[in-house]
Amino acid sequence: MIIEPRMRGFICLTAHPEGCAQNVKNQIAYVKSKGKVDGAKKVLVVGASTGFGLASRITSAFGCDAATIGVFFEKEPAAGKTATPGWYNSAAFENEATQAGIYAKSINGDAFSNEIKQQTIDLIKKDLGQVDLVIYSLASPVRMHPTTGVLHRSVLKPIGSTFTNKTVDFHTGNVSQVSIEPAHQDDIDNTVVVMGGEDWSIWMKALNDAGVLANDAMTIAYSYIGPEVTEAVYRKGTIGRAKDHLESTAFEITKQLESINCKAYVSVNKALVTQASSAIPVIPLYISLLYKIMKAKGLHEGCIEQIQRLFEKRIYNGNDIPLDDKGRIRIDDWEMQEDVQEKVAELWKIAETENLSEIGDLAGYKNDFLNLFGFGFEGVDYDADTNEMVMVKSIN
Ligand code: NAI
Ligand code: NA
């Protein structure tokens, strides 16, 4: 069938298999262009199909020649109905890895569940024995708790008082004021349950109890800090509480896994257009201003540039891993540079519907958003008939 983007709110209901494959190929080409990184050889990526997790899988495989197992939660295609982009990304990734002689298998299901953890452990035992790096890159609005069966929902709200600021509908470019009511304690607790560190630590304990974590293994989860303008809704809001929890969980995991000298880190990454971040109010306006400035300064990075630099310059730099005063890895250093942030703050004050396409990179935002679903790539014939029934080989 001919597949076109069908937008609804913050998501696109369709995905293009060949476009997703092109996205994966472009990321692989980038990683290869940067040369080899002497890093992990057997890698588990939880949340491996899109965004930072996909970039982590690609960097592991094509930068470090690592075997990878990817866990994700994506919808497979049905006749006349496309899969979610992460499905097509993973299908393409497996094809490319296999062609390059690199082991790659995938597990599709709820990573928060005991079943999927067990399935992953069984696969590691059968094929790899142990893993030496675990990337934890889940972004989910809900989590079914594995022991209580309660379905927790995360929310994106400020804490304490109503937050009013500018936001943009990136489809139309319309800048408006948004007011978000403060969270109740329940909202905070639920968001911490979904996006905090509990599941990460359950994963690491399960892997270690099963004996599938190598000595000196490492695990990394991703966090975000960001600027003052988004603070109320991000770092000091409900999601920020979850990130605080995630960050403190790193120290607990390191303590828990002392006997095998496994170290857990959080890497603070740059704000980027992903399915997760597009749904957060205020953030898309910030990102469109940020992109404009970072591109002008030659500092712009996407997920793959971020993660390739994280691997090469931070975690596998042949030396100690540089950490900030809170023990975190920082790869958001270029975003947080003073001259960049000063300029964003300046533009933030004047941003409005009429000038955003000029002072912000709205076009770049839109293009990145389309790219998430496999649209807008050069070299893909979007008018051609396409087979939507592309499968992830290790799954079907
Ligand atoms: P994303 O939406 O692109 O990726 C989420 C991944 O999690 C996908 O592979 C998806 O299949 C998987 N997933 C979701 N629910 C699942 C479940 N129940 N079971 C198994 N897999 C599941 O998100 P993104 O943006 O790459 O986020 C990853 C991490 O990076 C998050 O912790 C996020 O907070 C963090 N981060 C994101 C930034 C951004 O600007 N996008 C900035 C800094 C950190
Ligand atoms: Na991800």
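As the structure lists them, so they are numbered: ligands from 1, and atoms in each ligand from 1.
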Cationic N near anionic O, under 4.0 Å, Asp333 to Lys270: no
NZ/NE/NH1/NH2 to OD/OE distance under 4.0 Å, Arg235 and Glu247: yes
Residues clustered with Ile11, ILVMFWY side-chain links under 4.5 angstrom: Leu13
Shortest reach to [atom] by a heavy atom, considering only [options]:
atom: atom 6 (C) of ligand 1; options: Ser113, Gly51, Ser137; answer: Ser137
atom: atom 24 (P) of ligand 1; options: Val142, Val268, Leu372, Thr274; answer: Thr274
atom: atom 4 (O) of ligand 1; options: Val266, Thr50, Asn108; answer: Thr50
atom: atom 36 (N) of ligand 1; options: Trp87, Phe52, Phe112; answer: Phe52

Thr14 versus Arg6, side-chain donor and acceptor atoms under 3.5 Å: no
Going by distance only, is there an N or O of [X] that falls short of 3.5 Å from an N or O of ligand 1?
X: Phe73; result: yes
X: Phe72; result: no
X: Ser223; result: no

Contact between ligand 1 and [X] is defined here as a heavy atom of the residue under 4.0 Å from a ligand atom; is it met?
X: Lys243; result: yes
X: Gly86; result: no
X: Gly109; result: yes

Phe369 and His171 aromatic centres sub-6.0 Å: yes
Aromatic ring pairing Phe375/Tyr382, orientation class (parallel under 30°, perpendicular over 60°, tilted between): tilted
